[in-house]
Amino acid sequence: SAVISQKPSRDICQRGTSLTIQCQVDSQVTMMFWYRQQPGQSLTLIATANQGSEATYESGFVIDKFPISRPNLTFSTLTVSNMSPEDSSIYLCSVGVTTDTQYFGPGTRLTVL
Amino acid sequence: QQQVKQSPQSLIVQKGGISIINCAYENTAFDYFPWYQQFPGKGPALLIAIRPDVSEKKEGRFTISFNKSAKQFSLHIMDSQPGDSATYFCAAEDTGTASKLTFGTGTRLQVTL
């Protein structure tokens with residue numbers, strides 16, 4: 001398995017501002033992903049964070065709203081830009097340790113006022 | 001279009017009973033089926049997973065039953081305990097294409113004394 005940490009663990013932000021969420025893994029991993037989990041809902045994949053190249057976004061998510069960086073094999077950031085109350089969610093990073101197994105971080109609980 | 005359907009949405013089981021959660025999928029390319037357990041305020045934790053070359057996998061009190069022809073799989077929790085009270089998500093993955101997980105809608109399990 002892998003030990004995954006996220007910062008911040010939670011935040012309350014004002015409408016129109018941006019928040020950058022960090023994801024750190026204790027070992028080098030090939031695959032890193034970002035998910036959104038709206039209150040009481042399931043997990044939706046936002047994008048795959050690719051090391052050294054642009055992230056691959058899922059339908060409904062765009063780079064201008066959710067820019068992602070992945071400078072190395074242990075670290076990634078997700079920025080939620082120009083936030084609105086609809087962005088209030090839990091944001092989770094996950095890592096692919098093998099070709100199938102994914103482990104999740106503890107999540108960042110975001111509230112937008 | 002939702003590709004993994006999960007039921008029931010919520011489940012109440014008495015301590016010592018059997019909890020059963022069902023999932024059905026549509027995409028025949030899926031070849032990896034994990035179950036995740038999520039406690040409030042935590043990230044999902046990988047519980048158990050199965051590949052379609054076997055019909056059942058057991059780990060302790062947790063068993064996955066898999067029916068490839070029906071495109072269904074289920075999680076059985078034997079001797080359910082109050083500590084099992086959590087939300088359970090099934091998921092499916094086509095490991096041949098970028099290792100993206102598709103999640104079910106989740107089942108909130110409550111185990112009563």
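Source: prediction; values computed, not measured. The sequence lines fix the lettering, A, B, ..., with proteins before strands; numbering per chain opens at 1.
The shortest side-chain heavy-atom distance between A:Leu43 and B:Pro44 falls under the 4.5 Å cut-off. Counting only heavy atoms from C-beta outward, the side chains of B:Phe103 and A:Gln37 never approach each other to under 4.5 Å.
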Evaluate the criterion side chain to side chain contact (heavy atoms under 4.5 Å, CB included) for residue pair B:Leu101 and A:Tyr35; output intermediate values, then yes/no.
CA-CA 10 Å; B:Leu101 286 170; A:Tyr35 289 81; 3.6 Å; yes

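Follow the hydrophobic side-chain contacts under 4.5 Å out from B:Ile77 and you reach B:Leu11 in the same cluster. Residues A:Tyr91 and A:Met83 share a hydrophobic cluster, clusters being chains of Ile/Leu/Val/Met/Phe/Trp/Tyr side chains in contact below 4.5 Å. The hydrophobic cluster containing B:Ile50 also contains B:Ile48, counting ILVMFWY residues as joined when their side-chain heavy atoms lie under 4.5 angstrom apart, directly or transitively. Both A:Trp34 and A:Leu110 are part of a single hydrophobic cluster, where members link through side-chain heavy atoms under 4.5 Å apart. Note on A:Val95: it clusters hydrophobically with B:Leu46, by side-chain heavy-atom contacts below 4.5 Å among ILVMFWY residues.
Residue A:Gln6 does not touch chain B at all, counting heavy-atom pairs closer than 4.5 Å. Heavy-atom distances place both the backbone and the side chain of A:Thr101 under 4.5 Å from chain B.
Within 6.0 Å of NZ in A:Lys65 there are more than 12 heavy atoms belonging to other residues, nucleotides or ligands.
Distance OH/B:Tyr36 to OG/A:Ser42: 12.0 Å, rounded to 0.5 Å. With rounding to the nearest 0.5 angstrom, the OG1 atom of A:Thr56 is 8.0 Å from the NZ atom of B:Lys100.
Side-chain contact of B:Glu93 with A:Gln102: a donor-acceptor pair under 3.5 Å is absent, judged by distance alone.
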